[in-house]
Each structure stands twice: as C-alpha cells, then as structure tokens.
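Please read the structure below before turning to the comments.
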2 protein chains.
Amino acid sequence: MARKASVGNEDLLARLGATFRRVGYDGASLAQLSEATGLKKASLYHRFPDGKEQMGLEVLQEAGRWLTRHVLEPLAGEGSPRERITAMASELDVFYQNGKQACLLNLLSSPIGIAGPFQTAIRDMLEAFVAALAAVAEEAGFTPTEARERAERLVALVQGGLVLARGLGSTDPFTRVLSRLPTELLGTDTAIA
Amino acid sequence: MARKASVGNEDLLARLGATFRRVGYDGASLAQLSEATGLKKASLYHRFPDGKEQMGLEVLQEAGRWLTRHVLEPLAGEGSPRERITAMASELDVFYQNGKQACLLNLLSSPIGIAGPFQTAIRDMLEAFVAALAAVAEEAGFTPTEARERAERLVALVQGGLVLARGLGSTDPFTRVLSRLPTELLGTDTAIA
DNA sequence: GTCTATAGGAAGATAGAC
DNA sequence: GTCTATCTTCCTATAGAC
C-alpha cells in the first residue's frame, strides 16, 4: 500500500495550508493551490472531490493534529507549569515562523451569526487550546474561572500578536507576545498606577 | 454643491466597510458590494474609478478618521488614565458591536514579506493607536519601553479578542478582553505561581 | 493518479443611454 | 449620477486520454 505519488499526503496538506495562510481562503485560487502543490487542478480534484472546501477542511484537520501533538499533549505532560508554557511558546514560534505565517483559525473563520463550513472545526480547536491552558493554570493554583479567563486571554494574545505582526510588518510584536506568555498565564505582574 | 444622491458619502463607505468586515476583502464581490450599497456596479465605478481597491482604501481612511475622533483624541484628552482607557473600551465595544464585527486592519492586511495596497495605511493606524496608548501609560508612570510594550499588548489583546469571538462564535471573549483593558495597560495584577 | 482540454459561470471592469 | 447591457478574464469544476 505504499504511496508512489509525487508529494505525499502530509506534504500536500502542508503546501495547501501554507497557501491559505499566506493569501487567505478566498484569496487562494485553484491556480495558486495547483502551483503551490505541483499538482494540476484536475489532480487536486481527484484527491479532493469536494474541491477547495474539502482542502480547507483537511488542512484544518491537519492543523488540529499538529495542535494535539505539539501543544495539547505537552501541556498535559511533564514539567512545571512555567516550563510547559515556555516550551509551548517555543513550538508556536516555529509553527508561525516568528509571526510571518498567519493562523488558519483567523483566516478561515466566519462572522458570528453566519455558519461557515469550517466553524465547528475552528471552535473545537480553540476550545481545546483554551481548556488545556486553563488546566495548567488551575494546576498552578488559580480558581477555575480565573484559570479559564487567563487561558482565553493567552490565546487572544497569541492571535492578536499575529495580527499585529502582519499589520505592522514586523515579527517583533509576536516575539514579544510569546515571551510574555508564562507571565500572562501564571501571573507575577508589576503595577504602578 | 449639495449632494442629491441616494446614499451620501459617509453612509456609502459605512456600508462598504460593513461588507468587507463581514466577508473579507477577497470574499466581497462587486455584486455583494452593489447590493449592500443599493448602487449598481457601474455606479460604484463612477464613484470609485479604481474599483474595489479604491473602495478598500477609502473605507480604511474612513476608519482612520473614526479612530482619530473616537480613540486617539480622547486618549490625549481629559480625565485620569484609567478613565480614558475605560472610555476607549466603551467606544471599541460599540464600534465592533461587542465583537460581532471584525476589524479591517486584520481582514485587509497582507503577509509580512508582501506589500499589499493597504499595508501602509494599516501600519500607520496601528502605529498611531499604539503610540497614543503608550503616551497614556507613560503619563501613568511607566518607562517609555514598558509603556510601549503594554500599549502593543493591549492592541494585540483587542485584535485577538475579536479573532477569538469569531472563532468561538460568541461575543463573550471580546467583552471580557475589553473589561481588562485598564488593568492591562496600567497594571495591578495579582500573582500566584 | 496524473495529465490536457474545456465547459460553464461568476468575477472585475467598461460603454453608452438616460 | 444612475442605469442596462456587455466585455474579458479568471474562477471552480468536469470530461476523458494516458
């Protein structure tokens, strides 16, 4: 049952994902997706009979697998809370290429009222991410509500860091956000006013 | 020189902007923009000879004027730092409709390497926003670098809150983020771990 | 499974009447 | 300044050879 093909499933999804993350879902034409993968349009349809939408879904599922392996599982694993958050920041830094790559969960999501084809997948992934972080915060001693709020805030900070990096045309904001993640989830802030 | 027309410039830009914020720039077809404004395609081209791109630019400029009037000027105005940030949060809540409306600066921005037609406008607006917040933080006693970082973080938090609200399909994350803005910029956090 | 070729329609944009 | 009608290009998607 070996795969003789030109690209291989993982590589294929990675290239499609990279294109979506670069130009957005609506911005990505089949011509671009074809060029990015090295497969002609008809070949893409052979692999994804439901077309672009199926590509989006499978790319999202692949991102979900990455999230589980590189974020959720490590967060539930060994080490102190702080160590785990720091390790996670490192993973995110690689995944988003210091902020140069956008997030699919941002680019594929639909307005609040309208139900897009990716919405449940996106919601599930974000929810799982927040829950995993909240568990770490609880373990560190925060109440469930406080832990949940901090977790949510951390995810918002990551997403916002990516938006800011794009908007300002610099990876710095994202890098700074990443370095703040342990503090953001686990506390120790200094105040003045 | 009175305008006899059906919509009026401000209303027109508002409707175009609402469409962009709902479905994104690439996702917005001229057919949709036509329907949203009540103007036929040819009429839109009469008003915007350079087409969709010009619409995007002018909508962005209109957003810039809103930002100046409702955020930048109040931030530089009367009241304690905390009062000004709270007032700003209130303005943002209205503008983004509790998180139901996305942000143009997110939807129109291009990847870090690539220079899109809106990039400088977006960068300028984000930069001005951060700068105005940093000034408030400095006034509250933070060092310039610390103030700048806090300002940047606040903007990231707002953007991320919008992304999260969309992704989770709920306005709650955005509302919670807004309520945290004073603390986020001016400090007073409690720690455990 | 991959390709060339093409269908069929929607996209952005224009011409010209009123 | 707004419209109907149209143009061209690009898009998604399919047919059918290899």
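These figures come from a predicted structure and were not determined experimentally. Labels below follow one simple rule: chain letters A, B, ... track the order of the sequence lines, proteins then strands, and each chain is numbered from 1.
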Residue set satisfying ring pair (Phe, Tyr, Trp, His ring centres under 6.0 Å) with B:Phe118, at least two apart, ordered chain then number -> B:Tyr25

The ring pair (Phe, Tyr, Trp, His ring centres under 6.0 Å) partners of B:Phe174 (sequence neighbours excluded) come to B:Tyr96

Sorted by chain and number, sequence neighbours left out, salt bridge (charged side-chain N to carboxylate O under 4.0 Å, His left out) with B:Glu58 holds for B:Arg47

Would you tabulate the side-chain donor-acceptor contacts of residues 102-117 of chain A under 3.5 Å, counting partners in other chains and residues two or more places apart, or write 'none'?
unit_1, atom_1, unit_2, atom_2, d
A:Asn106, OD1, B:Asn106, ND2, 3.0
A:Asn106, ND2, B:Asn106, OD1, 3.0
A:Ser110, OG, A:Gly116, N, 3.4

So side chain to side chain donor-acceptor pair (under 3.5 Å) across residues 123-136 of chain A, not counting sequence neighbours, yields A:Glu127-A:Arg148

Residues at least two apart in sequence or cross-chain that pass side chain to side chain donor-acceptor pair (under 3.5 Å) with A:Glu62, listed by chain then number, are A:Arg65

Find every protein N or O atom lying less than 3.5 Å from an N or O atom of nucleotides 8-10 of chain D, and list the pairs.
none

Atom CZ of A:Phe48 and atom C1' of D:dT12 are separated, to the nearest Å, by 15 Å

The nucleotide from C:dA11, D:dG1, D:dC3 with an atom nearest the side chain of B:His46 is D:dG1

Taken in chain and number order and not counting sequence neighbours, the residues that satisfy side chain to side chain contact (heavy atoms under 4.5 Å, CB included) with A:Ala28 are A:Thr19, A:Phe20, A:Val23, A:Leu33

With B for base contact, S for sugar-phosphate-only contact and - for none (protein heavy atoms under 4.0 Å), nucleotides 13-18 of chain C reads BBB---

In whole angstroms, the gap separating C1' of C:dG12 from OH of B:Tyr25 amounts to 10 Å

Expected list for residues 11-20 of chain B near DNA chain C, using heavy atoms below 4.0 Å, is none

Hits for side chain to side chain contact (heavy atoms under 4.5 Å, CB included) against A:Asp11, two or more places apart or cross-chain, chain-then-number order -> A:Val7, A:Arg15

Using a 3.5 Å cut-off and no angle test, enumerate the donor-acceptor pairs between side-chain atoms of residues 160-172 of chain B and protein atoms at least two apart in sequence or in another chain.
unit_1, atom_1, unit_2, atom_2, d
B:Arg166, NH2, B:Arg21, O, 2.7
B:Arg166, NH2, B:Arg22, O, 3.1
B:Ser170, OG, B:Asp172, N, 3.0

Rounded to whole Å, the CG-C1' distance (B:Leu33 to C:dA11) equals 12 Å

Salt bridge A:Glu138-A:Arg150, side-chain N to carboxylate O under 4.0 Å:
no

Check the phosphate of C:dC3 against A:Ser43, side-chain N and O only, distance under 4.0 Å to OP1 or OP2. Yes or no? yes

